[in-house]
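Only one structure is covered here, and it is reproduced in the block below.
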There are 2 protein chains.
Amino acid sequence: MPKTIHAPEARRDELVAAAYREIATSGFEGLRTREVAGAVGVNVATLHYYFPTKEDLIRAVVGYAMSRFQSTLAQQGTAMERLRGHFRGLRRLAHEEPELFRVMAELMIRSSRDQKLAEIIRKLNEYWHSTLRSLLRGAKEERALPKDVDPDGMSAVIVATLKGVYLLPERFGPPEALDKALRQLEHTIGLR
Amino acid sequence: MPKTIHAPEARRDELVAAAYREIATSGFEGLRTREVAGAVGVNVATLHYYFPTKEDLIRAVVGYAMSRFQSTLAQQGTAMERLRGHFRGLRRLAHEEPELFRVMAELMIRSSRDQKLAEIIRKLNEYWHSTLRSLLRGAKEERALPKDVDPDGMSAVIVATLKGVYLLPERFGPPEALDKALRQLEHTIGLR
DNA sequence: CTCCTAATCAATCAGATGATTGAATCACGA
DNA sequence: TCGTGATTCAATCATCTGATTGATTAGGAG
């Protein structure tokens, strides 16, 4: 009894979005297929029609979350402009979609127990590292960066700091530490 | 039928340690009271004799994990020596008790859904920040740190980077990124 | 109209899971 | 030796949870 005619894939997407929200608020610890189905207003069996197992649903959520990060590494301007754009993009994303970072944190932790997920995260990290590295190299050629900065090491610091700042924030009290850390980091690499 | 005479609290400690190991390997997602009791070779009811609820057990694990961090902020020498000692202590801890960092990561994530846990983590962070801040100030007075380093901002960067490096590591491939990031960070604050 | 397929639901299953109960068992002091 | 309190266990409960089954409905093809 399909109550409404959906565009193809619409129901599927609804389920993924609901699972994503559930993970953001309750973590994998609290992810229940019934809750997800209920949030969409659909029977559990319908969920299993689209995703044979819970794992299949989780995989779809992973893809959904990953796709949301592509935007923060903009593709134009000088290396310095692109570095600034990256920091700005992350700030915006953290402001507009805080759930995304909660879900990413859950995924990172889970990757130590899920081989396939680990591989996906590893590739994302690698891409992130290499992009930052070449941006830092470019910034050095533009003479916008101190000579004693090693692009390799500094890209590792930036990635680690951004992870620490965005994925393991201090949830109570004002987000002072986040701003302080970002400001100092940007100062260290000459963005301010 | 107590098979062995235990020193008081021994059974209790065994259970906490088992739960700690279980969290390290399976996360909260996979924490089961039966498993914990089984690992100690004891009936589930015995676990509930010591810990009325699963939450009580988790709280005990939190205390156990926290207590393991006190050692890395040694209390003697110049500010620079103590800073080096802190970095060295963390490296040693990560080498000797890698589970500790997996458990800490789980706790940090969970703190966004557990008010009491959040309060505990907040205090730990505060202590960490303020200790680093005063060490950095001391290092500046010892003229071992560049003048343009802001102790407040830099302590935030250090905390965030260490969190990123130790709590959200890239689990596959050699731990290159960890070393690179630490080296660069130490270089930035003049420890190398 | 008839038949087929996609989509959906109510009902149910089997196993897991946190917790409780009541009965043992042991050490120790009176 | 007897009683008492601290521990422990086997058995059981109630509920949760991922998954399956069989029936039902709507829309489109022939």
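Hydrogens, waters and symmetry mates are skipped; everything else that's a heavy atom, side chains included, is used. Sequence lines set the chain letters: A, B, ... in the order given, protein chains first and strands last, and positions in each chain run from 1.
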[X] [atom1] to [N] [atom2], straight-line distance once rounded to whole Å:
X	N	atom1	atom2	value
B:Tyr49	D:dT8	OH	P	8 Å
B:Phe28	C:dT17	CZ	P	16 Å
A:Leu47	C:dA10	CG	C1'	16 Å
B:Asn43	C:dA23	CG	P	17 Å
A:Glu14	C:dA7	CD	C1'	13 Å
A:Glu29	C:dT17	CD	P	13 Å
B:Leu15	D:dT7	CG	P	12 Å
B:His48	C:dG18	NE2	P	8 Å

Between B:Ser111 and B:Asp114: side-chain donor-acceptor atoms closer than 3.5 Å: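 B:Ser111 vs B:Asp114: no donor-acceptor pair found between side chains.
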Residues A:Asn43 and A:Thr46: side-chain donor-acceptor under 3.5 angstrom: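 No - no donor-acceptor pair under 3.5 Å links their side chains.
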Examine [N]: is either OP1 or OP2 under 4.0 Å from a nitrogen or oxygen in the side chain of [X]? Give yes or no.
X	N	value
B:Arg11	D:dT8	yes
B:Tyr50	D:dT8	yes
B:Thr33	C:dG18	yes
A:Thr46	C:dA7	no

A:Lys140/A:Asp150 salt bridge by N-O under 4.0 Å criterion: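 Result for this pair is no, no salt bridge flagged.
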Check: B:Phe69 ring centre within less than 6.0 Å of B:Tyr127 ring centre: no
Sugar-phosphate only, base, or nothing, as touched by A:Phe51 at under 4.0 Å among non-hydrogen atoms: nothing
Check: D:dG18 base within 3.5 Å donor-acceptor of A:Arg34 side chain: yes
Upstream residue (5' side of DNA chain D) when A:Pro52 and A:Glu35 are each assigned their closest nucleotide: A:Glu35
Position toward the 5' end of DNA chain D (nearest nucleotide), A:Ala45 or A:Leu31: A:Leu31
Cation-pi check, B:Arg110 onto B:Phe28 ring (under 6.0 Å, within 45° of axis):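 Output yes; distance and angle both within limits.
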